[in-house]
Amino acid sequence: MYPILVSLLTTVTAYIFIGFYYLGTARWPSSYQNKKVLFVTAHPDDECMFFGPTIRYFISVGRVFLLCLSNGNQDGLGEVREEELAGSAKKLGIPQEHLKIADNEGLRDGLRNMWRVEHVGAEVSEFARQVDPDIIITFDRYGVSGHPNHVATSKGVNYAYKNHLICNEVKIYNLESVNVIRKYSSFVDCFFSSFASKVYNIASLKDIINIQGAMKHHKSQLTWFRKLYVIFSRYMVVNTLKSANTVCRPVFKMVATDWKMDYLNDEIFEELTQEEIEQLNSELCDDLLPAADRVKYHIDKKGQNYIDKEALTKWMEEAAVASQIGHDYIPFVKEAKGKKFVKVEEKKDKTVYDDEFEKLLAEAEGMGGGDITDGDIDALAEILGANSLLGSVDVTSCSRPGHETGLRSPIPDVRANKLLEAGDMEEVNEINVEETLQQIQNNDSSLTHCIFNNVPLEGEMVDNITAAMVDNKYVKKLEMCNCSITDESIEGFITLLKTNTTLESLSLETNKINGKQLKLIVQSMEYNDSLKELRIANQYFTTGVGDEMAISKALANNTSLVKFSLNWKNGGARNTADRLIMRNNDVARKKRQGLS
């Protein structure tokens, strides 16, 4: 045991000394001197806890701007934390006029506050137009600590870049997230980062003292665990970054004699001279060029005779426009020919049911139920999950909005927080969304079944509902069918399924969720053992075969789900899902019988 301990201490000591050797070093393209650099963070103190080494580096070689998307008002300390951020920025060397704290109702600090990428992108683009940065640095998609606001910050910057809300010439860099061992290895990680990363900043001893001094300005946040973070975190010493630019740009400069172009990495272009670019142009294989650039008359040699080619071409174009059409021209006269088209109405086949079901329908009509149409029966079967009673044509007609042979609406309307009854098929959902949300947030024990069906919900309202459901202990059934839910709100449902332990039934049918997001919802069921029913069928977008296969495989990781609905296109995926749901039903039956 003693030799092992000595070896371990020797190794760690060696790495620490090697780490000290790399202090004060950085690796960036040489052209990144005297640039304007914009740092985008989520909360006050992020600039010290995560970006300190990079900020100190660009303070010495360029101009630094800082955009903080919230004032950290989660605990009511917004004004205090704004003052702390101003003091920290001044300590780091950032002028007060280069600092902005966003004031946006959609960007409030908190683990439960899901920031929309549109809000983040709007704030970033507005400040970027003011400062015109050359480089933007922010979190990567993991947010270093996994905080939802950090992740949303990264997505919002990428959203602004891809949608041309900021200049496409701006270089985007993301702060790299690392595993826990590297995250809390302090100086030891300097040696590894210098070899494993193409772009990095390792603070000097003077800069480390400066960063720790800036962190002391955030007195309201200096809890015992953050003090340990300041001592052991590698982000106080070293930053490794990755380029996030996804739009390729032309490398070769177009001049009169340049007809060959290609697309390479920006860093490679910056290292080439104009002579090297011209040589590469001359040696580039013609097979790699577009067809329009391979024609043989593209030559550098000027004309030697008396004919002016450009003037001749221009004269021919003008003469063609001015010339008259020949005498054989016959003007077009629109006239109808042939027989008039008469649309033949397609005959709709009547839905056929088995004898027992027909008998029940006849008894229902005899009891005063009135005339029951095929549409009513199809809609009732869709709600009850009795699609096996219908043919494939009937199922299709029930599951597509606006289908010629379908229903008037994708699903029947339902009253607020009341189960479906015979007379409710055409009624409008009269639920008070705001009051119901308040009940969910207050953990009202009388609310166990929430029905938002047929109520168009804004993305922000959907996010608020899912955030409130995370800690709710009483709602067991949540129905949000035909609520215009889009992909932007799915992250909230994933968090809900991972954390809520009370919900037993979730219905998201007839919305606008694509196959990839449906796959993520089902994959999150791996962490849930309380949900027994999940309905995600009848979406506006068609689910791909690959997504269906992934959904069927993800069902294998959950043993509590006994009811599941999806409009399957792939027979193999459907059979796999059926077997897994049957397995879960067997497990549930054995539990009820006390056999397991």
Side-chain angles (χ1 to χ4, degrees), residues 104-108 110-122 148-149 151-152 155-156 159 401 409-411 413-414 416-417 428-444 447-472 474-500 502-525 528 531 533-541 565-566:
N104 191 318
E105 288 294 332
L107 303 176
R108 291 295 175 234
L111 290 169
R112 298 182 183 177
N113 296 331
M114 301 299 175
W115 293 359
R116 300 183 68 83
V117 295
E118 294 88 348
H119 294 164
V120 177
N149 298 161
V151 176
K155 291 182 178 179
Y159 171 84
S409 62
I411 60 172
D413 296 328
V414 221
N417 294 334
V428 177
N429 193 342
E430 299 174 353
I431 186 173
N432 189 314
V433 178
E434 296 290 344
E435 290 183 3
T436 306
L437 174 60
Q438 190 67 35
Q439 286 181 279
I440 298 174
Q441 292 173 338
N442 295 337
N443 253 330
D444 189 345
L447 183 63
T448 60
H449 185 180
C450 293
I451 302 178
F452 294 97
N453 295 342
N454 291 345
V455 179
L457 299 175
E458 296 290 338
E460 187 173 355
M461 177 57 70
V462 176
D463 293 341
N464 291 336
I465 293 173
T466 54
M469 282 294 299
V470 170
D471 296 326
N472 189 278
Y474 297 101
V475 176
K476 294 186 177 182
K477 190 169 184 179
L478 178 62
E479 298 185 32
M480 302 181 74
C481 302
N482 196 24
C483 294
S484 302
I485 298 174
T486 62
D487 298 339
E488 299 296 336
S489 303
I490 296 307
E491 188 173 345
F493 287 100
I494 294 173
T495 305
L496 163 64
L497 291 173
K498 288 182 178 181
T499 55
N500 187 287
T502 306
L503 190 65
E504 295 181 358
S505 175
L506 175 62
S507 181
L508 299 175
E509 294 182 328
T510 319
N511 284 297
K512 299 179 180 180
I513 308 172
N514 67 31
K516 296 187 182 299
Q517 301 301 323
L518 295 178
K519 176 183 67 175
L520 295 177
I521 291 176
V522 178
Q523 288 175 344
S524 67
M525 290 295 298
N528 188 296
L531 198 72
E533 180 180 14
L534 177 62
R535 296 187 176 278
I536 54 176
N538 192 23
Q539 301 298 328
Y540 181 79
F541 302 103
S565 71
L566 179 68

For this session: Can you see which heavy atom on Ile440 is nearest to which on Ala468, and at what distance?
Result: CG2-CB, 3.7 Å
For this session: Take Val433 and Thr436 through the side chain to side chain contact (heavy atoms under 4.5 Å, CB included) test and state the conclusion after the steps.
Result: CA-CA 5 Å; Val433 178; Thr436 306; 5.9 Å; no
For this session: State which residues pass side-chain contact (heavy atoms from CB on, under 4.5 Å) with Glu460; sequence neighbours excluded, sorted by chain then number.
Result: Asn464
Exercise. What is the distance from atom CG of Leu497 to atom CD of Gln523, rounded to the nearest 0.5 Å?
Worked result: 12.0 Å
For this session: I would like to know whether Leu508 and Phe493 meet side chain to side chain contact (heavy atoms under 4.5 Å, CB included); could you show each step before the answer?
Result: CA-CA 10 Å; Leu508 299 175; Phe493 287 100; 3.6 Å; yes
For this session: For Tyr159 and Gly121, work out which heavy atoms get closest and say how close.
Result: CD2-CA, 4.4 Å
Exercise. At what distance, to the nearest 0.5 angstrom, does CG of Leu518 lie from CD1 of Ile490?
Worked result: 7.0 Å
Exercise. Which pair of non-hydrogen atoms, one from Asn511 and one from Cys481, has the smallest distance, and what is that distance?
Worked result: ND2-CA, 4.2 Å
For this session: Check the pair Asp463 / Asn113 against side chain to side chain contact (heavy atoms under 4.5 Å, CB included), numbers first and verdict last.
Result: CA-CA 8 Å; Asp463 293 341; Asn113 296 331; over 6 Å; no
Exercise. Can you find a pair of side-chain heavy atoms, one from Val117 and one from Glu488, that are under 4.5 Å apart?
Worked result: yes
Problem set entry | Straight-line distance of Met461 CE to Ile485 CD1, nearest 0.5 Å | 12.5 Å
Seminar exercise, completed: Of all heavy-atom pairs linking Pro148 and Met114, the shortest is CB-SD, 4.5 Å
For this session: Can you sort out the partners of Lys155 under salt bridge (Lys or Arg N to Asp or Glu O under 4.0 Å), two or more places apart, ordered by chain and number?
Result: Glu491
Exercise. Do Met469 and Leu503 touch side chain to side chain, with heavy atoms closer than 4.5 Å?
Worked result: yes
For this session: Rounded to the nearest 0.5 Å, what's the gap from CG on Leu506 to CG on Leu534? Could you check?
Result: 5.5 Å
For this session: Answer with yes or no whether the side chains of Glu533 and Ser505 bring together a donor and an acceptor at under 3.5 Å.
Result: yes
For this session: Specify the closest pair of heavy atoms between Gly106 and Trp115, including all atoms of both residues, with the distance to one decimal.
Result: O-CD1, 3.6 Å
Problem set entry | Min side-chain heavy-atom separation Glu509-Ser565 under 4.5 Å | yes
For this session: Output the distance between atom OG1 (Thr466) and atom CD1 (Ile494), rounded to the nearest 0.5 Å.
Result: 10.5 Å
For this session: Apply salt bridge (Lys or Arg N to Asp or Glu O under 4.0 Å) to Glu105 and list each qualifying residue two or more places apart in sequence or on a separate chain.
Result: Arg108
For this session: Check whether any side-chain heavy atom of Asn514 lies under 4.5 Å from a side-chain heavy atom of Tyr540, and answer yes or no.
Result: no
Problem set entry | Separation of Ile513 CD1 from Phe541 CZ (nearest 0.5 Å) | 10.0 Å
For this session: Start with the C-alpha distance between Ser489 and Arg116, add both sets of side-chain angles, then the distance that settles side chain to side chain contact (heavy atoms under 4.5 Å, CB included), and finish with yes or no.
Result: CA-CA 9 Å; Ser489 303; Arg116 300 183 68 83; 4.1 Å; yes
Exercise. Taking the side chain as C-beta and beyond, is there a heavy-atom pair between Met480 and Leu457 under 4.5 Å?
Worked result: yes
Exercise. Looking only at side chains, do Gln539 and Thr510 share a donor and an acceptor under 3.5 Å apart?
Worked result: no
Exercise. If you look at every heavy atom in Asn500 and Thr502, which pair is closest and at what distance?
Worked result: OD1-N, 2.7 Å
Exercise. Looking only at side chains, do Gln517 and Asp487 share a donor and an acceptor under 3.5 Å apart?
Worked result: no
Problem set entry | Exceeds 12 heavy-atom contacts within 6.0 angstrom, atom CD of Glu504 | yes
